[in-house]
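Remarks on the structure that follows.
Both ligands and their constituent atoms are indexed starting at 1 by order of listing. These figures come from a predicted structure and were not determined experimentally.
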Amino acid sequence: MSNSVFEKIDAMLHQIQGETIHSAEELESFRIKYLGSKNTIKPLFGEIRNVPNESKKEFGQRLNDLKKTAEETFAKAKGELAKVEADSKANNIDLTAPYARSNKGSRHPVSLVMNRIIDIFEKIGFTVEEEREIEDDWHNFTAMNTPEDHPARDMQDTFYLKDSVTRLLRTHTSSVQARVMTNTQPPIRIIAPGRVYRNETISARSHCQFHQVEGLYVDKNVSFADMKQTLLYFAREMYGPDTKIRLRPSYFPFTEPSAEMDVYWGLETDVDYRITKGTGWLEILGCGMVDPQVLDNCGIDSKEYTGFAFGMGIERQAMLQYKIEDIRLLFENDVRFLSQFNAAY
Ligand code: DAH
């Protein structure tokens, strides 16, 4: 009698070990069959009555082992199924599905143009200098040879800090020339991009804040020809390989001689007529040989060194490039405007 009870346990053990569980349904039937409230192991416990006393202990142990095997088989199969499911989820990515568009930002057109200009000059060895927007009178004006009575220094033109006659918002990036030259001896080859401020009435054409890129090259034997070649290189990188430039004599307090550079834009459309005032030429920047007095003001020996400098506005170039008619759009930060600019820079 007792033998047949043990045989039942063995048979059940074999049955459990032979079960295949490959799906959630099979797992559930296994659970109901061996672990549920009406499971098939339970009745075996009742058979203890038919087991002789000396074998009762072994019988109990074997039954417990059987139950344990059922529980372990269930847990193992459950774990494996969960893993298979996770793997298949990971492998089931539809590579052709359209991706959920995230809110991708875009660069500001002023940054786009500025970064391009920086790139062009970095290629020929200029390094970027960034300096303060709150300047003192000396770096912005005095060092740059702007006389005490020059109209640019007037409150009408310059924002001074409250209760100060010496601290101001820089009116041009030329102040960075003075910063760099008082700190470093030549060779100096830098560009200085940044924001500048002028006390202007805001309109479609002018704003009280805008951006410039300044350039400065000081070394032994730097010539006007070096400047012209550098600026020609810049114009051709920026506006195309066939771009023509011209230098018109001009005046700036900090350069001597001074010039303004135009690029030939063409006269094909009405717009070309309007923006070039009928000449076909567009003024892009101011430039010149650094006035020896400026070098001396900043502690650089003007008998030993010469240099050239240039400064250009960014907004106008951005407006030309992207056909923006109103400068105010560049400072309002309306996303409908900004999201139109997607470019590599
Ligand atoms: N600072 C001048 C301006 O704001 C631009 C300029 C002209 C810069 C000639 C220069 C230069 O470095 O050489 O209008």
>> Is it the case that the ring center of Phe121 lies less than 6.0 angstrom away from the ring center of Phe234?
In response: yes
> Among Met238, Met319, Glu315, His211, which residue meets the side chain to side chain contact (heavy atoms under 4.5 Å, CB included) test with Val113?
Replying inline: Met238
> Which ligand 1 atoms are under 4.0 Å away from a heavy-atom of Ala309?
Replying inline: 12 (O), 13 (O)
>> Any atom of ligand 1 sitting under 4.0 Å from a heavy atom of Gln177?
In response: yes
> Where is the nearest protein heavy atom to atom 12 (O) of ligand 1: which residue, which atom, and how far?
Replying inline: Glu214 OE2, 2.6 Å
>> I need the nearest protein heavy-atom contact for atom 14 (O) of ligand 1: residue, atom name and distance, please.
In response: Arg198 NH2, 3.9 Å
>> Is the distance from the ring center of Tyr322 to that of Phe341 below 6.0 Å?
In response: yes
> Is Asp136 paired with Arg167 through a side-chain N to carboxylate O contact shorter than 4.0 Å?
Replying inline: no
>> With a 6.0 Å cut-off on the ring centroids, do Phe141 and His150 count as close?
In response: no
> With a 4.0 Å heavy-atom cut-off (strictly under), which part of Cys287 contacts ligand 1: side chain, backbone, both or neither?
Replying inline: backbone
> To the nearest 0.1 Å, how far is atom 2 (C) of ligand 1 from its closest protein heavy atom, and which atom is that?
Replying inline: Phe254 CZ, 3.8 Å
> Does the ring centre of His172 sit less than 6.0 Å away from the ring centre of Tyr197?
Replying inline: no
> Tell me, do Val218 and Gln185 make a side-chain contact under 4.5 Å, heavy atoms counted?
Replying inline: no
> For ligand 1, which atoms have a heavy atom of Thr255 less than 4.0 angstrom away?
Replying inline: 13 (O)
>> Less than 6.0 angstrom from the centroid, inside 45 degrees of the normal: does Arg31 satisfy that with respect to the ring of Phe74?
In response: no
> Just which atoms of ligand 1 are under 4.0 Å from any heavy atom in Gly288?
Replying inline: 13 (O)
> Backbone or side chain, does any N or O of Phe310 fall under 3.5 Å from an N or O of ligand 1?
Replying inline: yes
> Taking only heavy atoms of Ser174, which atoms of ligand 1 are found under 4.0 Å from at least one of them?
Replying inline: 1 (N), 8 (C)
>> Check for me whether Gln212 has a heavy atom closer than 4.0 Å to any atom of ligand 1.
In response: yes
>> Using a 4.0 Å cut-off to any heavy atom of Phe252, which atoms of ligand 1 qualify?
In response: 7 (C), 9 (C)
